[in-house]
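Some notes on the structure that comes next.
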Amino acid sequence: MTKVFFSYSHKDESLRDMLQTHLAGLQHKGLIETWHDRRIGAGDEFENAIDQNLNDADIILLLVSSDFIGSKYCYDIEMRRAMERHEAREARVIPVILRHCDWHDLPFGKLMAAPRDGKAIKSWPDIDEAFLDVVQQIKAALPKPELTQTRPASAPQAVAAPVVHRPRSGNLSVRKSFSDADKESFLEEAFAYIAAYFENSLQELEARNTGLTTKFRQIDANRFTAVIYKDGTAVSRCKISLGTGMFRDASITYSANDQASDGSYNEALNVEGDDQHIYLKSMGMAFHYSSREKKLTQEGGAELYWAILMEPLQ
């Protein structure tokens with residue numbers, strides 16, 4: 001059984017819990033055993049427990065974020081020891097990029113990161129898809145039975161105090177609840193993100209394509225419009241609004257007409273939550289986009305609406 005060690009900042013605990021859940025299939029098959037510091041029992045010595053499990057691990061996951069990099073313990077102790085073991089071929093280190101941060105020039109920046117292309121998990125349109133990609137990369141890194149070899153002997157080290165391991169489940173995540181205030185704040189942040197996404201994307205679209213011009217207009221704090229012109233003729237328009245949708249739910253609506261009256265729309269993103277995080281959910285009115293069942297991040301919502309705007313040009 002391959003031992004997997006999580007090195008992470010406690011500020012990213014909810015994302016670590018989600019990764020743990022996605023790894024459940026490999027655990028049920030008896031392929032991996034996971035460990036993180038929340039499994040340290042009362043009375044155990046914190047540093048000794050971490051050292052022993054870090055030194056015993058076959059795969060070490062660095063859950064990378066600005067908080068991970070800013071943590072003296074994660075960066076100076078766990079990460080450096082992990083890289084020593086990786087370079088000695090005693091273990092395999094896999095950086096898992098949780099949130100956008102400056103990591104490429106750090107010691108682990110030379111390693112292939114997960115998810116693919118090192119795209120931060122929080123920036124994926126569907127967060128479950130991001131974690132699935134991570135799990136697949138971890139699965140690919142598992143040793144093949146026919147290639148399993150005895151580990152090379154490591155240099156003698158000071159003997160740490162023995163750690164008593166007590167039987168315990170790794171299923172320790174607790175259901176979270178989100179208030180109306182939490183959901184409304186998330187929705188407002190998502191709308192601001194989508195507005196900035198559209199403004200920047202329109203500028204880049206115009207810069208890259210001769211004959212295309214664009215216009216972004218912020219009507220007020222809750223509405224903006226976007227227009228794409230080809231050789232002076234408008235080929236795609238929209239108005240995106242923060243407000244109330246068909247079922248009186250707070251939502252971000254998309255109208256395929258920049259002059260559409262408020263309350264008229266062709267697609268809507270509502271805020272929902274599961275037992276771990278808040279996300280955007282498409283009403284699926286734009287049927288040719290398979291997004292209805294996805295849990296969309298803010299970027300995922302922006303990408304959905306941008307794809308609808310771009311469709312006449314593609």
Side-chain angles (χ1 to χ4, degrees), residues 1-9 12 15-41 44-64 68 73-98 103 106-116 118 121 131-160 162-172:
M1 184 179 293
T2 300
K3 296 182 178 179
V4 179
F5 180 95
F6 292 86
S7 176
Y8 71 104
S9 163
D12 295 317
L15 291 171
R16 188 219 66 207
D17 285 344
M18 293 179 69
L19 177 54
Q20 177 87 52
T21 300
H22 278 267
L23 288 170
L26 297 180
Q27 290 180 282
H28 293 327
K29 292 178 181 178
L31 297 176
I32 66 169
E33 175 187 9
T34 63
W35 192 91
H36 50 74
D37 63 1
R38 292 304 193 195
R39 301 194 66 179
I40 300 175
D44 290 346
E45 293 188 19
F46 183 84
E47 291 188 5
N48 283 342
I50 290 178
D51 288 346
Q52 179 166 324
N53 283 280
L54 180 56
N55 287 324
D56 286 346
D58 302 294
I59 293 177
I60 301 169
L61 303 179
L62 305 180
L63 306 192
V64 181
F68 174 88
Y73 198 90
C74 290
Y75 189 87
D76 288 342
I77 298 177
E78 293 184 356
M79 184 276 289
R80 293 193 184 282
R81 178 57 183 146
M83 290 304 296
E84 287 174 359
R85 297 198 62 228
H86 181 88
E87 290 164 5
R89 299 184 180 275
E90 298 173 356
R92 182 162 187 167
V93 172
I94 302 176
V96 179
I97 313 303
L98 299 181
W103 61 273
L106 300 179
F108 54 83
K110 62 186 179 182
L111 304 178
M112 185 68 73
R116 61 179 177 271
I121 281 175
F131 278 116
L132 173 60
D133 188 90
V134 174
V135 171
Q136 289 172 339
Q137 293 200 44
I138 293 171
K139 186 176 181 179
L142 296 179
K144 304 299 185 292
E146 65 273 15
L147 299 179
T148 302
Q149 298 176 351
T150 304
R151 292 187 192 175
S154 56
Q157 299 179 359
V159 178
V163 178
V164 178
H165 293 281
R166 301 176 178 87
R168 186 193 319 173
S169 171
N171 181 14
L172 300 174

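Taking 4.5 Å as the limit, every side-chain heavy atom of V4 sits out of range of all side-chain heavy atoms of W35. At least one side-chain heavy atom of V134 sits under 4.5 Å from a side-chain heavy atom of I121. Residues L61 and I138 have side chains in contact (heavy-atom distance under 4.5 Å, counting atoms from C-beta outward). Residues E84 and E90 are not in side-chain contact: their nearest non-hydrogen atoms beyond the backbone lie 4.5 Å or more apart. At a threshold of 4.5 Å between non-hydrogen side-chain atoms, the residues P107 and M79 count as touching. With a 4.5 Å cut-off on side-chain heavy atoms, L62 and F6 do not count as touching. Looking only at side-chain heavy atoms (C-beta outward), L98 and V64 stay at 4.5 Å or farther from each other.
When the side chain to side chain contact (heavy atoms under 4.5 Å, CB included) test is applied to E33, the partners found at least two apart in sequence or on another chain are M1, K3. Residues passing the side chain to side chain donor-acceptor pair (under 3.5 Å) test with R116, sequence neighbours excluded: D133. Remark: L111 engages M83, H86, V93, P95, F108 in a side chain to side chain contact (heavy atoms under 4.5 Å, CB included) (not counting sequence neighbours).
Nearest heavy atom pair, residue Q137 against residue A113, reads OE1-O, 3.8 Å. The two residues C74 and S9 make their nearest non-hydrogen contact at SG-N, 4.0 Å. For the residue pair E78 and Y8, the shortest heavy atom distance occurs at OE1-N, 4.2 Å.
Note: H22 and F131 have parallel aromatic rings, judged against thresholds of 30 and 60 degrees for the angle between ring planes.
Rounded to the nearest 0.5 Å, atoms CD1 (I50) and CZ (R81) are 14.0 Å apart. T2 OG1 to R92 CZ: the interatomic distance, rounded to the nearest 0.5 Å, is 11.5 Å. Here F5 contributes atom CZ and Q52 contributes atom CD; the two are 11.5 Å apart, rounded to the nearest 0.5 Å. Considering CG of D56 and CG of D51, their distance stands at 10.5 Å, rounded to 0.5 Å. Distance check: D58 CG to I32 CD1 gives 11.0 Å after rounding to the nearest 0.5 Å. Distance NZ/K139 to CG/L132: 9.5 Å, rounded to 0.5 Å.
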Take I60 and I94 through the test side-chain contact (heavy atoms from CB on, under 4.5 Å) and record every step on the way to the result.
CA-CA 6 Å; I60 301 169; I94 302 176; over 6 Å; no

